[in-house]
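Here is the structure we will look at.
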Amino acid sequence: MGGIVDAQKLFDEIPDRDLVSWNSFISGFSRKGSLGLCLDAFHVMRKEFKMAPNEVTLVSIISAYTDNAALYGGRCFHGFLVKNGNLGEVKVVNALINMYGKLGMLDAAYDLFCALQMPNLVSWNSLLVVHAHRGLSVEAMNIFNSIRRDGIQPDQATMVAVLQGCTEMGITQLAQVLHGCIFKCGFAADMLVLTSLLSLYAKSGRLNVAKDVFGGINHPDRVAWTAILASYAMHGLGREAIEVFGDMVKSGVCPDHVTFTHLLSACSHAGLVSEGREYFEDMSAVYGVQPQMDHYSCMVDLLGRSGLLEDAYGLIKKMPMEPNTGVWGALLGACRIHHNIDLGKEAAENLFRLDSSDHRNYIMLSNIYSASGRWVEASKIRSLMKERHLVRNIGYSLIEHGNRVYQFLVGDQSHPDSDKIYAKLEEVIQKICEAGLVRQTEFVLHDVDEDVKVDMVNKHSEKLALAFGLLVTSNDMPITIIKNLRICGDCHSVMKLVSSIEKRTIIVRDPKRFHHFANGICSCKDYCSTLPTYVPARWAAYKYVKVITLHNSVQVAVLFIVHRASVHPVVCEDKKLV
DNA sequence: CTAGGGTTAG
């Protein structure tokens with residue numbers, strides 16, 4: 001809409017047409033997210049005022065490309081910079097590293113970094129952050145190691161990024177080593193770093209250690225309080241999360257929208273419907289936080305899970321904004337639990353309308369149909385999925401033993417002791433079947449015989465990891481399994497029974513939360529998923545998972561050599577030992 | 001130029 005004219009008119013009102021004015025003008029547009037105006041101003045500045053940009057100008061423009069996810073334009077601009085010899089300034093290259101990293105071109109980011117004569121700490125951090133944000137834990141650790149090996153003193157941003165990068169793996173040993181680094185590098189009293197650390201511990205299954213780290217923070221702020229509250233919620237301790245909320249308010253720290261998201265989710269998973277309703281009312285009335293889309297999702301989830309499907313639906317109808325996929329997804333999930341096909345269909349239709357590229361939406365609807373024996377409809381959805389090339393992917397489970405992390409895929413036979421693992425699994429399953437295990441196979445999407453279904457379910461990666469854990473760990477240690485998918489209903493029942501029959505504590509982290517199994521019950525109060533194992537889209541970016549998808553018999557072990565408070569993870573790819 | 005906490009369908 002006449003961008004150049006607007007930009008010029010606006011600029012005419014500024015008295016000093018020097019570089020500083022131009023830069024503040026351009027960075028203003030950049031911050032507001034208007035890439036078009038940003039470029040118009042740049043054009044006018046160069047062509048009409050014959051002004052040469054400096055690094056501030058260029059960084060603002062690159063940021064605008066990044067924020068607008070304009071990869072093509074960004075690459076052209078990169079070419080323009082090369083042509084004009086503008087890449088001498090480290091800040092400009094750092095901005096480009098950030099742009100490529102955020103827009104998914106990690107190789108380009110890496111190449112730019114390597115071409116730098118003198119990378120500064122921000123260059124390193126940018127490279128680290130883009131890998132950490134993609135969940136590339138091993139790469140993030142390698143970058144962190146390089147920083148330490150080069151004798152560079154990491155700063156707050158480095159520490160935060162490496163801690164975030166490791167959360168995806170949820171490896172306790174890694175958290176402990178990084179904890180050591182934090183002390184060694186002088187961040188023992190840094191609230192931002194400690195907040196990330198407690199979050200990492202919580203996500204590695206060590207809620208108690210997370211609690212200790214939180215206890216060591218002087219005057220925790222809103223974010224730190226929210227992090228510990230979220231940790232309790234994630235571990236299924238709804239009542240405790242509510243207590244934390246009370247303590248937070250008592251200590252004079254104001255909750256914000258993120259705090260309420262976790263609080264409502266805690267109420268939902270603890271089945272505390274009336275408390276959740278109260279907090280939903282209070283958040284705007286008492287704390288001045290207006291409910292956003294996420295809070296409506298949480299409320300729909302809370303009401304829906306507890307069986308109040310009509311209330312949940314009523315809330316959706318009353319929402320002041322157009323419900324998004326999250327809200328409909330929460331309703332659909334509730335419909336699955338309570339077998340409400342009509343409402344579930346409406347939710348699924350809305351999901352299709354809003355996003356027909358997400359394979360989860362197909363699975364959910366297909367699942368609703370197959371759960372009620374409507375195989376024709378279920379198979380229609382499945383073929384639609386196939387038609388649209390929405391492929392299913394592989395699930396895996398990680399388990400620590402010694403200094404190694406073992407990864408099991410669905411039906412994995414690559415472990416050298418695979419025979420023993422399968423034998424142990426069979427023995428355990430037989431034992432718990434005798435104890436009355438009811439197999440849950442309704443989430444198998446294929447219309448096959450019951451015993452085939454049981455066979456498919458028996459090979460789930462978490463069951464293999466569990467059998468491995470039973471074989472190699474001592475009886476007094478909990479078995480901790482990290483999964484890339486939600487745990488399925490059958491595995492969930494198996495874990496519960498094994499915990500009571502074998503008298504073991506089993507901890508399973510799925511992408512959303514923890515399940516603590518002990519004495520035949522689970523901390524999630526059975527609000528678990530009952531879905532087949534599909535990899536969510538974001539996992540497709542994982543390099544080491546990709547390797548496995550290509551060669552099914554590759555065993556990946558991440559080996560950590562702990563060496564003077566620095567970690568050197570090495571990915572070993574041992575071919576299957578036949 | 002990097003920069004803490006993130007739930008809800010899987």
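Quick note: numbers below take in every heavy atom, side chains included, and nothing from hydrogens, waters or symmetry partners. Lettering follows sequence order; numbering is per chain, from 1.
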From the candidates dT7(B), dT2(B), dG4(B), the one with an atom nearest any side-chain atom of Asp155(A) is dT2(B)

Check this one for me: any side-chain N or O of His257(A) less than 4.0 Å away from OP1 or OP2 of dT7(B)? no

Choosing from dA9(B), dT2(B), dT8(B), which nucleotide comes nearest the side chain of Ser297(A)? dT8(B)

In whole Å, I'd like the distance from the CG atom of Leu192(A) to the P atom of dG5(B). 9 Å

Which residue is it: Lys483(A), His492(A), Arg486(A)? I am looking for the one with a side chain to side chain donor-acceptor pair (under 3.5 Å) to Asp510(A). Arg486(A)

Side-chain contact check for Thr325(A): nearest option of dA3(B), dT8(B), dA9(B) is dA9(B)

With sugar-phosphate meaning primed atoms plus P, OP1 and OP2, does Asp301(A) contact a base, only sugar-phosphate, or nothing at under 4.0 Å between heavy atoms? sugar-phosphate

Mind checking if Val160(A) touches a base, just sugar-phosphate, or nothing, with heavy atoms under 4.0 Å? sugar-phosphate

In this structure, are over 12 heavy atoms from other groups packed under 6.0 Å from Gln117(A) atom CD? no

Just to be sure I understand the rule, does Gly329(A) reach a base, reach only the sugar-phosphate, or reach nothing, if contact means heavy atoms closer than 4.0 Å? base

So Leu121(A), base contact, sugar-phosphate only, or nothing? Heavy-atom distance under 4.0 Å. nothing

Pick base, sugar-phosphate or nothing for Ser231(A), based on heavy-atom distances below 4.0 Å to the nucleic acid. nothing

Is any side-chain N or O of Thr261(A) closer than 4.0 Å to OP1 or OP2 of dG5(B)? no

Give the rounded distance in Å between these two atoms: CD of Glu349(A) and P of dA9(B). 21 Å

Let me know the distance between CD of Gln164(A) and P of dT2(B), rounded to the nearest Å. 14 Å

Looking only at heavy atoms, the pair that brings His295(A) and His257(A) closest together is NE2-O, 2.8 Å

Distance-only donor-acceptor test, Asn125(A) side-chain atoms vs dT2(B) base atoms, 3.5 Å: yes

Residue Asn98(A), side-chain atoms from C-beta onward, closest of dT2(B), dA3(B), dT7(B): dT2(B)

Output yes when at least one side-chain N/O atom of Lys203(A) is less than 4.0 Å from OP1 or OP2 of dG6(B), else no. yes

Atom CG of Asp190(A) to atom P of dT2(B): distance rounded to whole Å? 19 Å

Which nucleotide, dG4(B), dT8(B), dC1(B), lies nearest any side-chain atom of Thr195(A)? dG4(B)

Tell me what Met191(A) touches on the nucleic acid: a base, only sugar-phosphate, or nothing, going by heavy atoms under 4.0 Å. base

Whole Å only: how far is the CG atom of Leu331(A) from the P atom of dT7(B)? 20 Å

Grab the CG-P distance between Leu194(A) and dA3(B) for me, whole Å please. 19 Å

Plane angle bin for His516(A) and His235(A) - parallel if under 30°, tilted between 30 and 60°, otherwise perpendicular: tilted

Let's see if you can work this out: which of dC1(B), dT8(B), dG6(B) has an atom nearest to the side-chain heavy atoms of Ser199(A)? dG6(B)

How many Å lie between CG on Leu303(A) and C1' on dT8(B), as a whole number? 12 Å

Provide the closest heavy-atom pair for Ser63(A) versus Ser30(A) in the form atom of the first, atom of the second, distance. CB-OG, 3.8 Å

Between P of dG5(B) and CZ of Arg222(A), the distance in whole Å: 14 Å

More than 12 heavy atoms of other residues, nucleotides or ligands under 6.0 Å from CZ of Arg239(A): yes or no? no

Taking any heavy-atom pair under 4.0 Å as a contact, classify Val122(A): base, sugar-phosphate, or nothing. base

Base, sugar-phosphate alone, or nothing: which one does Ser265(A) contact when heavy atoms must sit under 4.0 Å apart? sugar-phosphate

